[in-house]
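Working notes, beginning with the structure itself.
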Amino acid sequence: MTFTENLTSWYSVNKRDFPWRNTTDPYRIWLSEIILQQTQIKQGLPYYQAFVKRFPKVYDLAQASQDDVLKLWQGLGYYSRARNLHETAKHVAFELDGVFPTSYSELLKLKGVGDYTASAIASICFNEPKAVLDGNVYRVLSRYFGVDAPINTTSGFKVFRALAQDNLDVQNPAMYNQAIMDFGATQCTPKKAACNTCPLITACTAYSTGTVSELPVKIKAKKPKNRYFNFLVYLSKDKKTIVEQRKANGIWKHLYQFPLIESEKALPYNALKDRLDSELKVDFDLRLYNKQDVVHKLSHQHLHTKFWIIDLNQLPQKGISIAQLSHYAVPVVIENFIKDFNF
DNA sequence: AAAACGGGGAC
DNA sequence: GTCCCAGTTTT
């Protein structure tokens with residue numbers, strides 16, 4: 001049996017059941033693929049179910065506000081996905097009469113849809129013979145064929161894309177693409193690969209050369225940068241606080257937060273007290289909520305976070321009632337604080 | 001070509 | 001701690 005035949009045979013027995021595998025509706029396939037970008041199924045599944053329930057059709061998503069979409073996306077990360085999701089929904093609903101493009105090349109033009117996602121939708125929904133190339137596929141191909149080109153370089157990408165396309169089952173690209181991804185996710189795993197029960201073992205290059213744990217090759221990421229965040233949690237006598245929307249490019253764009261002072265290093269109590277004295281010009285009580293910095297770790301940044309509680313009679317600017325806080329999409333580090341603080 | 005972009009899970 | 005995840009966009 002060929003690599004491809006072996007794989008589809010394995011899939012016919014070991015296929016996992018997911019809600020997006022019971023449909024070829026491009027809206028739902030697209031939605032699942034965006035949610036699952038750089039996201040494990042275990043984490044993404046509840047979000048998929050929530051989105052389908054809240055927005056059953058692309059038109060429902062198109063009519064929503066960005067704030068509502070971001071709120072439903074809250075906690076999933078990579079928030080540009082949610083912004084692009086909403087933009088594309090509006091584009092499809094209002095300019096394409098609610099009909100998704102039906103080819104790889106047209107799908108690729110949609111915001112948030114790259115090579116992987118266009119291939120996935122084109123193959124799963126329209127049987128177009130385009131091989132997907134995701135983290136699972138890199139791993140399976142690199143090991144089986146013994147390819148040590150780094151997967152996160154342009155040259156490596158070309159090698160693997162050609163290899164992926166060469167081995168695609170052009171008669172059934174939908175099944176093949178899902179088979180190789182499922183195989184990578186459950187059998188040919190990053191660590192502790194299940195070689196002892198692998199149907200491809202006799203022809204696997206990495207297994208025969210003892211290099212399973214060394215493949216695929218990936219250029220290491222840089223060390224994350226340290227940043228120091230001071231969130232100002234205003235608290236007035238009439239149970240109000242202040243939130244603001246992050247407007248700039250960068251992390252958490254368009255999410256909400258307590259007013260933020262970023263400092264070069266840890267901000268001393270007195271430095272903040274003096275600064276607020278001159279800015280507020282009213283009586284207030286300042287205290288640090290967390291004695292230890294909350295270190296919120298992102299892929300490229302470690303955020304050393306302090307939450308400062310500012311009690312005063314009246315807010316210095318327009319605020320919102322504490323009761324409304326739960327309606328705003330906030331970063332996880334803020335959501336954790338809100339739960340812990342319990343207002 | 002490299003960097004930016006989140007958060008959670010496995011080990 | 002380190003690595004990875006049904007990647008895409010921006011610089």
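Proteins come first, then strands; the chains are lettered A, B, ... in the order of their sequence lines, and each starts at number 1.
The closest donor-acceptor contact from the side chain of A:K109 to the backbone of A:E106 lies at 3.5 Å or more, if one exists at all.
Distances shorter than 4.0 Å separate none of the side-chain N or O atoms of A:K220 from OP1 or OP2 on C:dT2. For A:H296, no side-chain nitrogen or oxygen approaches OP1 or OP2 of B:dG6 to under 4.0 Å. OP1 or OP2 of B:dG7 has at least one side-chain nitrogen or oxygen of A:Y79 nearer than 4.0 Å. A sub-4.0 Å separation between OP1 or OP2 of C:dC5 and a side-chain N or O of A:R139 is present. In terms of phosphate contacts, A:Q37 brings no side-chain nitrogen or oxygen within less than 4.0 Å of OP1 or OP2 of C:dG7. Remark: A:K222 is not in phosphate contact with C:dT2, judged by side-chain N or O atoms under 4.0 Å from OP1 or OP2. Side-chain N/O atoms of A:T117 include one lying less than 4.0 angstrom from OP1 or OP2 on C:dT8.
Judged by distance alone with a 3.5 Å cut-off, a donor-acceptor contact links the side chain of A:R21 to the base of C:dA6. For A:Y116 against C:dG7, a side-chain-to-base donor-acceptor contact under 3.5 Å is absent. Looking at A:S299, its side chain comes within 3.5 Å of the base of B:dG6 through a donor and an acceptor atom.
Within the 4.0 angstrom heavy-atom criterion, no nucleotide atom of any strand lies near A:K253. Nucleic acid contact class of A:D115 (heavy atoms, under 4.0 Å, all strands): sugar-phosphate only. Nucleic acid contact for A:K225: none, since no nucleic acid atom lies under 4.0 Å from a heavy atom of the residue. Residue A:W20 is in base contact, counting any heavy-atom pair closer than 4.0 Å across all strands shown. Nucleic acid contact class of A:V113 (heavy atoms, under 4.0 Å, all strands): sugar-phosphate only.
To the nearest 0.5 Å, atom CD of residue A:Q63 and atom NE2 of residue A:H86 are 9.5 Å apart. The structure places CG of A:N136 at 10.5 Å from CG of A:L133, a figure rounded to the nearest 0.5 Å.
Between A:Y27 and A:W30, the ring planes are tilted. Angles from 30° to 60° get that label.
Comparing the P positions of C:dA6 and B:dC11 gives a spacing of 14 Å, expressed to the nearest Å. B:dG6 and C:dT10: their P atoms are spaced 13 Å apart (whole Å).
Each of B:dG7, B:dA4, B:dA1 was ranked by its minimum atom distance to the side chain of A:T154; first place goes to B:dA1. Between C:dG1, B:dG7, B:dC5, one nucleotide has an atom nearer to the side chain of A:H300 than all others, and that is B:dC5. Closest contact between the side chain of A:Y78 and the listed nucleotides C:dA6, B:dC5, B:dG7 involves B:dC5. You'll find that the side chain of A:W252 is closest to B:dG7, out of C:dA6, C:dC4, B:dG7. Which of C:dT8, C:dA6, B:dG8 sits closest to the side chain of A:Q43 comes down to B:dG8. Comparing atom distances between the A:A185 side chain and each of B:dA1, B:dG6, C:dA6 picks out C:dA6 as nearest. Relative to the side chain of A:Q40, the nucleotides B:dG6, B:dG9, C:dT9 differ in distance, and B:dG9 lies closest. Looking at the side chain of A:Q178, the nearest of the listed nucleotides C:dA6, C:dC4, B:dC5 is C:dA6.
Cation-pi contact between A:K130 and A:Y104: present, with separation from the ring centre below 6.0 Å and deviation from the ring axis of at most 45°. Taking the centre and axis of the six-membered ring of A:Y269, the NZ or CZ atom of A:K306 falls outside the cone set by 45° and 6.0 Å.
Positionally, the nearest nucleotide of DNA chain B for A:R83 lies more toward the 5' end than for the other of A:K42 and A:R83.
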